[in-house]
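Report on one structure; see the data block that follows.
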Amino acid sequence: MLDLHYWPTPNGKKVTIQLEECGVEYRVVPCNIGRGDQFTDAFLSINPNNRMPALVDHAPADGGPPISIFESGAMMLYLAEKTGQFMPSDPRGKYEVVQWVVWQMANQGPKTGECGHFRRLGDTEGDQSYAVTRFTDEVNRFYGVLNNQLYNQPYLCGDHYTIADMICYPWCVNWAGQGQDINEFKYFKRWFDELSDRPAVQRGMAVGSDLRNDPAAMSPEELASLKAMLYNQRARPAPDQGGLL
Ligand SMILES: N[C@@H](CCC(=O)N[C@@H](CS)C(=O)NCC(=O)O)C(=O)O
């Protein structure tokens, strides 16, 4: 059995899309990042980076103890290898996919996240126009990268739908909130519309739609403590005694 520690965000939905596409059985373990589940000792033993998603495979191929994995890209590579689906096995084809997975993890994911953060902030923390322009432009560049890649091939890595497509898709769904117009990127839009119609993509995107924290139902104190917990996180102290020096 696979346990997916999950909250319904684009980074989580990449993995639910893949699980749905592969048709494997999995269990969703809610990790409520608005309540601080990502900071519990149990969760940190799976992901020392206190971020969801995380995956635990209770039946790994080597028959040994459970394997736990953090970072959505690493989880998707693991699942592609475990299921033998949506990633070529020859080195040329495999590394075509791996480089797009790494591109998404190093570029599209983090910077689109910052784009959303600064755009949502408005002027509550002072003038954010420099950051908004910087990240909105960078996200625009990403849509251009995807559009060019899809100009003469149906999927990001050629003729076959792979985890490279699945990992990029959820971060594109909120294109309007990112200050973009996908009608300017017609090859991208063809791909986006096709993926949006896939039943497994729809199922993956819908996982956890009942899981939410409603800011409107929170008191000002609760909102302030949520903000203090999520923003400006700094280093968690290491144990003082008994370590390797
Ligand atoms: N690179 C990581 C990013 C994970 C990440 O940023 N997760 C966010 C939700 S999308 C989170 O857990 N945030 C909790 C927090 O900020 O404390 C991945 O792709 O798995």
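Every number for a ligand or one of its atoms is a count from 1 in the order of the listing. Excluded from the calculations below are hydrogen atoms, water molecules and symmetry mates; all remaining heavy atoms, backbone and side chain alike, are included.
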All N/O donor-acceptor pairs, side-chain side in residues 54-61, below 3.5 Å, sequence neighbours left out:
from	atom 1	to	atom 2	distance (Å)
Asp57	OD1	Ala59	N	2.9
Asp57	OD2	Tyr78	OH	2.6
Asp57	OD2	Lys82	NZ	2.8
His58	NE2	Asp3	OD2	2.9

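Between the Gln18 side chain and the Lys14 main chain, no donor and acceptor come within less than 3.5 Å of each other.
Each of Tyr169, Trp171, Tyr155, Tyr187 was compared with Phe192 under the ring pair (Phe, Tyr, Trp, His ring centres under 6.0 Å) criterion, and only Tyr169 meets it.
Counted by atom type alone, Tyr143 and Glu184 present zero donor-acceptor pairs between their side chains at under 3.5 Å.
Applying the salt bridge (Lys or Arg N to Asp or Glu O under 4.0 Å) criterion to Glu194, with sequence neighbours excluded, gives no partner residue.
Each of Thr9, Asn11, Lys14, Ile33, Gln38, Phe39, Arg51, Met52, Pro53, Glu71, Ser72, Met105, Leu230, Gln233 has a non-hydrogen atom positioned under 4.0 Å from some atom of ligand 1.
The hydrophobic cluster around Tyr231 extends to Phe39, Met218, Leu223, Leu226, Met229, Leu230, counting ILVMFWY residues whose side-chain heavy atoms fall within less than 4.5 Å of a member.
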